[in-house]
Asker: 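For reference, the structure I am asking about is given below.
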Amino acid sequence: MSIRPTRLRRVVATATAVALAGGLLSLATGQATAAAKPAKPAKYTDDFNGDGYRDYATSVTGQSVTLTYGTAAGPGGKTKEFDQRSPGIPGTLTGADGFSSAMAAADFNNDGYADLAVADPTEKVGNRRGQGMVVVVWGTKSGLGSKATTLPLKSPRADMGFGRHLAAGDFDGNGKADLAVADDQSVHIYRGGFSSRNGGTGKVTRHTPNHDALLEITGLAAGKVTKDKAVDLYVLGAGYANGRQNSGTWFLRGGSTVTAPKKPSTYNAATPDYSPEGVVPDFDKDGYGDLAVNDTPYKKHAGSVLVLRGGKSGPGGSYRLTQGTAGVATSLTAGDEFGFSLSAGDTNRDGYPDLAVSAMETVGGLDAAGGVHVLRGGKKGLTGGGSQWFTRATAGVPGEPRETGMFGAFVRLRDADRDGDADLMISDNSESTLVLKGGASGITTGSASVVKLRANFPQ
């Protein structure tokens, strides 16, 4: 997962940079509660202290990580912040640092504690400016932040941007977590097991599109697209087709040997999206994972979400959802960037994953005040039927809409309280998140709460 920069998101970075101008906050505002040694492997890919609750690792302006530990009710008050100045964290913090611009969580060394891969694609290593680096911060019974090792890299070079995007998954299907790392041209897949003692990994393979349709890698999305044991990987990117710019995907099928078509697929012959987000749930429950990827430049930045259906051998047909899709609450309008942020989860306990889709829409005459749609999954896939729409003007939602408020700059669906349905977490351009509970009828506003974290943690 990479932290998605867009022209609107610069507002977020600027606001946070001002708030942090005096330097980082104290590295620890609380300590994680120590837990007994957990069973192997970790039940949750982001339970960093092994207490049975999912934790929340968020990025602060792409320079540091803030960790908020989970509780039975969701995010708690115990937090920790670390960066490349912290003891045990490799690398050098600079003014234009990119540490935490991409993160991925999994139990990489299979010890029962989830770990966090953190990238800095801007890092200077030796005399190679912009080579980039990825560190794995190891989970322990006291959480993250005190021990990390650097991922080995064969044939490094200057301006490589190693670590631009990360994705975790069992790509070879052997039961151990693997890590995919993108640079400016290729994807490196590191097989488990990983070692917290010496930083060693399993076999590493490198995959390069080598086609004009995907000249620049802009994102990664992992999930089970086929019905075998291995996790598959979509490489998202930008390039050219038929003499025009386009966005595209390159499907890497997991297995003991990762395979891929020679030519990537393209899905947009207009302005490409250079900062896409993609998720791979099974919207229609046919056993094949579907890729949902945003295409915010669509129709003069009105925006859209493209869904590539999964199948026996990989991606099959596709369909597109926009503000013009039947059942979607708002109208298709240039500049709204429908699909600005995406997240998937089952919000109403029907067994079908739903999709949270934010848009920087005008609300009450206030430009880019923003809001979030929740689109329903079902037998026919993802549709606008029965969808929900939330803004600061929605009854029960605290606060008021405001100009460039960017409500929905980050969204996540997660069962924070472990009651069986996903809750909707919405951030604007501040360091707080609104939590709306899921239930049998979907997302509700009756028990709305606010927590101090940004909803940009790994999905």
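For this chain, numbers begin at 1 and follow the sequence in order. Only heavy atoms go into these numbers, but all of them, side chains included; no hydrogens, no water, no symmetry mates.
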Asker: Can a donor-acceptor pair be found, under 3.5 Å and without considering hydrogens, that links the side chain of S100 to the backbone of S64?
Answerer: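 Present.
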
Asker: Under 3.5 Å, is there a donor-acceptor pair between the side chain of S86 and the main chain of I89?
Answerer: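 Looks like no, no N/O pair under 3.5 Å.
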
Asker: Is D178 paired with R191 through a side-chain N to carboxylate O contact shorter than 4.0 Å?
Answerer: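 D178 and R191: not salt-bridged.
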
Asker: Answer yes or no: is there a donor N or O on one side and an acceptor on the other, between the side chain of T122 and the main chain of G98, under 3.5 Å?
Answerer: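 Pair found, side chain donor or acceptor close to backbone of G98.
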
Asker: In Å, rounded to the nearest 0.5 Å, how long is the span from CG of D346 to CG of D415?
Answerer: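 Taking CG in D346 and CG in D415, the distance rounds to 9.5 Å.
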
Asker: Can you see whether S427 engages T433 through a side-chain donor-acceptor pair at a distance of less than 3.5 angstrom?
Answerer: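 Yes, side-chain donor-acceptor contact under 3.5 Å.
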
Asker: Any heavy-atom pair between the side chains of V181 and R164 that's under 4.5 Å?
Answerer: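 SC-SC contact between R164 and V181 ruled out.
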
Asker: Do T92 and Q84 pair up side chain to side chain, a donor and an acceptor below 3.5 Å, judged on atom types alone?
Answerer: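 No, no side-chain donor-acceptor contact under 3.5 Å.
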
Asker: Between D295 and R320, does any NZ, NE, NH1 or NH2 come within less than 4.0 Å of an OD or OE carboxylate oxygen?
Answerer: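 Counted as a salt bridge, because a side-chain N and a carboxylate O are separated by less than 4.0 Å.
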
Asker: Is it true that D183 and R206 make a salt bridge, defined as a side-chain N closer than 4.0 Å to a carboxylate O?
Answerer: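 Looking at R206 together with D183, the answer is yes, because their closest N to O distance falls below 4.0 Å.
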
Asker: If only atom types and distance count, is the side chain of N294 paired as donor or acceptor with the main-chain N or O of V305 below 3.5 Å?
Answerer: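 Not a single qualifying donor-acceptor pair exists.
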
Asker: Check L342 against A292 and note the closest heavy-atom contact, atom names and distance.
Answerer: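 Taking every non-hydrogen atom into account, CD1-O, 3.8 Å.
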
Asker: Decide whether N210 and T208 meet the rule of one side-chain donor and one side-chain acceptor closer than 3.5 Å.
Answerer: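 No pair is found: no donor N or O on one side chain lies under 3.5 Å from an acceptor on the other.
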
Asker: Supply the atom-to-atom distance L93 CG to D120 CG, rounded to the nearest 0.5 angstrom.
Answerer: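 So the gap between those two atoms works out to 8.5 Å.
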
Asker: Among T383, D350, T347, which residue meets the side-chain hydrogen bond (donor to acceptor under 3.5 Å, both in side chains) test with R376?
Answerer: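 Checked T383, D350, T347 against R376; only one passes side-chain hydrogen bond (donor to acceptor under 3.5 Å, both in side chains): T347.
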
Asker: For residues G438 and D423, report the shortest heavy-atom separation together with the two atoms involved.
Answerer: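 Distance-wise, the nearest heavy atoms are N-OD1, 2.9 Å.
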
Asker: For the side chain of T325 and the backbone of G384, is there at least one donor-acceptor N/O pair under 3.5 Å apart?
Answerer: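 No, the answer is negative, given that no donor and acceptor are paired below the 3.5 Å cut-off.
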
Asker: Under the side chain to side chain contact (heavy atoms under 4.5 Å, CB included) criterion, do D115 and V137 qualify, and how do the steps go?
Answerer: CA-CA 6 Å; D115 314 300; V137 187; over 6 Å; no

Asker: For the residue pair A57 and V65, what are the closest heavy atoms and their distance?
Answerer: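 So the two residues come closest at CB-CG1, 4.2 Å.
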
Asker: Would you kindly check if the NZ (Lys) or CZ (Arg) of R454 is within the cone defined by 45 degrees around the ring axis of Y56 and under 6.0 Å from the six-membered ring centre?
Answerer: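 The answer is no, since R454 fails at least one limit relative to Y56.
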
Asker: Could you walk me through whether F171 and L233 satisfy the side chain to side chain contact (heavy atoms under 4.5 Å, CB included) test, starting with their C-alpha distance in whole Å, then the side-chain angles of each, then the deciding distance to 0.1 Å, before giving a yes or no?
Answerer: CA-CA 8 Å; F171 299 116; L233 184 68; 4.1 Å; yes

Asker: Not counting sequence neighbours, which residues clear ring-ring contact (aromatic ring centres under 6.0 Å, His included) with H188? List them please.
Answerer: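 Partners of H188 under the ring-ring contact (aromatic ring centres under 6.0 Å, His included) test: F162.
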
Asker: Where the side chain of D55 meets the backbone of F48, is there a donor-acceptor pair that is under 3.5 Å apart?
Answerer: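 It does hold such a pair.
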
Asker: List the steps and the verdict of side chain to side chain contact (heavy atoms under 4.5 Å, CB included) for W250 and H207.
Answerer: CA-CA 10 Å; W250 191 42; H207 309 269; 4.0 Å; yes

Asker: Is the Lys NZ or Arg CZ of R412 less than 6.0 Å from the centre of F457's six-membered ring, within 45° of the axis?
Answerer: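 R412 over F457 ring: yes.
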
Asker: Would you please say whether a donor-acceptor pair under 3.5 Å links the side chains of Q185 and E216?
Answerer: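 The criterion, which ignores hydrogens and geometry beyond distance, is not satisfied for E216 and Q185.
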
Asker: Hey, would you say the F338 and H373 ring centroids sit under 6.0 Å apart?
Answerer: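 Between F338 and H373, the centre distance is under 6.0 Å.
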
Asker: Name the one of R414, R349, K437 that satisfies salt bridge (charged side-chain N to carboxylate O under 4.0 Å, His left out) with D421?
Answerer: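 The salt bridge (charged side-chain N to carboxylate O under 4.0 Å, His left out) with D421 is passed solely by R349 among R414, R349, K437.
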
Asker: Answer yes or no: is there a donor N or O on one side and an acceptor on the other, between the side chain of N246 and the main chain of A213, under 3.5 Å?
Answerer: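 A pair under 3.5 Å: yes.
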
Asker: Check whether NZ of the Lys or CZ of the Arg K379 lies under 6.0 Å from the centre of the six-membered ring of Y352 and within 45 degrees of that ring's axis.
Answerer: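 Negative - K379 is either too far from the ring of Y352 or too far off its axis.
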
Asker: Starting from the C-alpha separation in whole Å, work towards a yes-or-no answer on salt bridge (charged side-chain N to carboxylate O under 4.0 Å, His left out) for D228 and R253.
Answerer: CA-CA 10 Å; D228 57 23; R253 181 170 181 173; 3.5 Å; yes

Asker: Measure up the F82 and F99 rings against each other and bin them: parallel (under 30°), tilted (30 to 60°), perpendicular (over 60°).
Answerer: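 Because their plane-to-plane angle is over 60°, the rings of F82 and F99 count as perpendicular.
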
Asker: Once rounded to the nearest 0.5 Å, what's the spacing between atom OG of S387 and atom CG of L382?
Answerer: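 Between S387 OG and L382 CG, I get 9.5 Å after rounding to 0.5 Å.
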
Asker: Going by side chain to side chain contact (heavy atoms under 4.5 Å, CB included), P209 matches just one of L215, V187, L214. Which one?
Answerer: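 It is L214; the other options fail the test.
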
Asker: What closest approach, in Å, do S313 and T226 show between heavy atoms, and which atom pair accounts for it?
Answerer: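 Scanning both residues completely, I find the closest heavy atoms to be C-CG2, 4.0 Å.
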
Asker: Quick one: pull up OG1 in T322 and NZ in K299 and give me the separation to the nearest 0.5 Å.
Answerer: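 Answer rounded to 0.5 Å: 9.0 Å.
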
Asker: Distance check, rounded to the nearest 0.5 Å: D354 atom CG versus Q388 atom CD?
Answerer: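 D354 CG to Q388 CD: 8.5 Å, rounded to 0.5 Å.
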
Asker: Within this structure, what is the OG1-CG distance for the pair T218 and D273, rounded to the nearest 0.5 Å?
Answerer: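 So the OG1 of T218 and the CG of D273 are separated by 7.0 Å.
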
Asker: Ignoring hydrogens and geometry, is there a side-chain-to-backbone donor-acceptor pair from N242 to R244 under 3.5 Å?
Answerer: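 Pair absent, no side-chain N/O of N242 close to backbone of R244.
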
Asker: Report the C-alpha separation of L413 and L424 in whole Å, then their side-chain angles, then the decisive distance to 0.1 Å, and conclude whether the side chain to side chain contact (heavy atoms under 4.5 Å, CB included) test is met.
Answerer: CA-CA 5 Å; L413 286 174; L424 177 60; 3.7 Å; yes

Asker: Can you give me the closest heavy-atom contact between A167 and A222, atom names plus distance?
Answerer: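 Minimum heavy-atom separation between A167 and A222: CB-CB, 4.2 Å.
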
Asker: If every non-hydrogen atom of A117 is compared with every non-hydrogen atom of L179, which pair is closest and at what distance?
Answerer: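 Result for this residue pair: CB-CD2, 3.9 Å.
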
Asker: In plain terms, say whether D107 and K176 are close enough for a salt bridge, that is, a side-chain N and a carboxylate O under 4.0 Å apart.
Answerer: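 Result for this pair is no, no salt bridge flagged.
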
Asker: Could you go through D47 and R54, starting from their C-alpha distance and side-chain angles, then the distance that decides it, and tell me whether this counts as salt bridge (charged side-chain N to carboxylate O under 4.0 Å, His left out)?
Answerer: CA-CA 5 Å; D47 178 9; R54 299 185 69 175; over 6 Å; no

Asker: So does A409 get a backbone contact from the side chain of S358, meaning a donor-acceptor N/O pair under 3.5 Å?
Answerer: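 No; judged by distance alone, with no hydrogens or angles, the pair does not exist.
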
Asker: Sort and list the pairs that fulfil side-chain hydrogen bond (donor to acceptor under 3.5 Å, both in side chains) and have at least one residue in residues 256-266, not counting sequence neighbours.
Answerer: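 Listed by first then second residue: nothing to list.
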
Asker: Sequence neighbours left out, cut at 3.5 Å: what donor-acceptor pairs do the side chains of residues 148-159 make with other protein atoms?
Answerer:
| unit_1 | atom_1 | unit_2 | atom_2 | d |
| --- | --- | --- | --- | --- |
| T149 | OG1 | W138 | NE1 | 3.2 |
| R157 | NH2 | D184 | OD1 | 2.8 |

Asker: Does OH belonging to Y319 count more than 12 external heavy atoms closer than 6.0 Å?
Answerer: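 Enclosed.
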
Asker: Counting neighbours of CZ on R129 that are heavy atoms of other residues, nucleotides or ligands and sit closer than 6.0 Å, is the number greater than 12?
Answerer: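 Not buried by this count: 12 neighbours or fewer within 6.0 Å.
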
Asker: For Y69, is the NZ or CZ atom of K78 found under 6.0 angstrom from the centre of its six-membered ring and inside 45 degrees of the ring axis?
Answerer: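 No, K78 does not sit over the ring of Y69.
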
Asker: Does K43 reach the main-chain N or O of G52 with its side chain, forming a donor-acceptor pair under 3.5 Å?
Answerer: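 Answer holds: no.
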
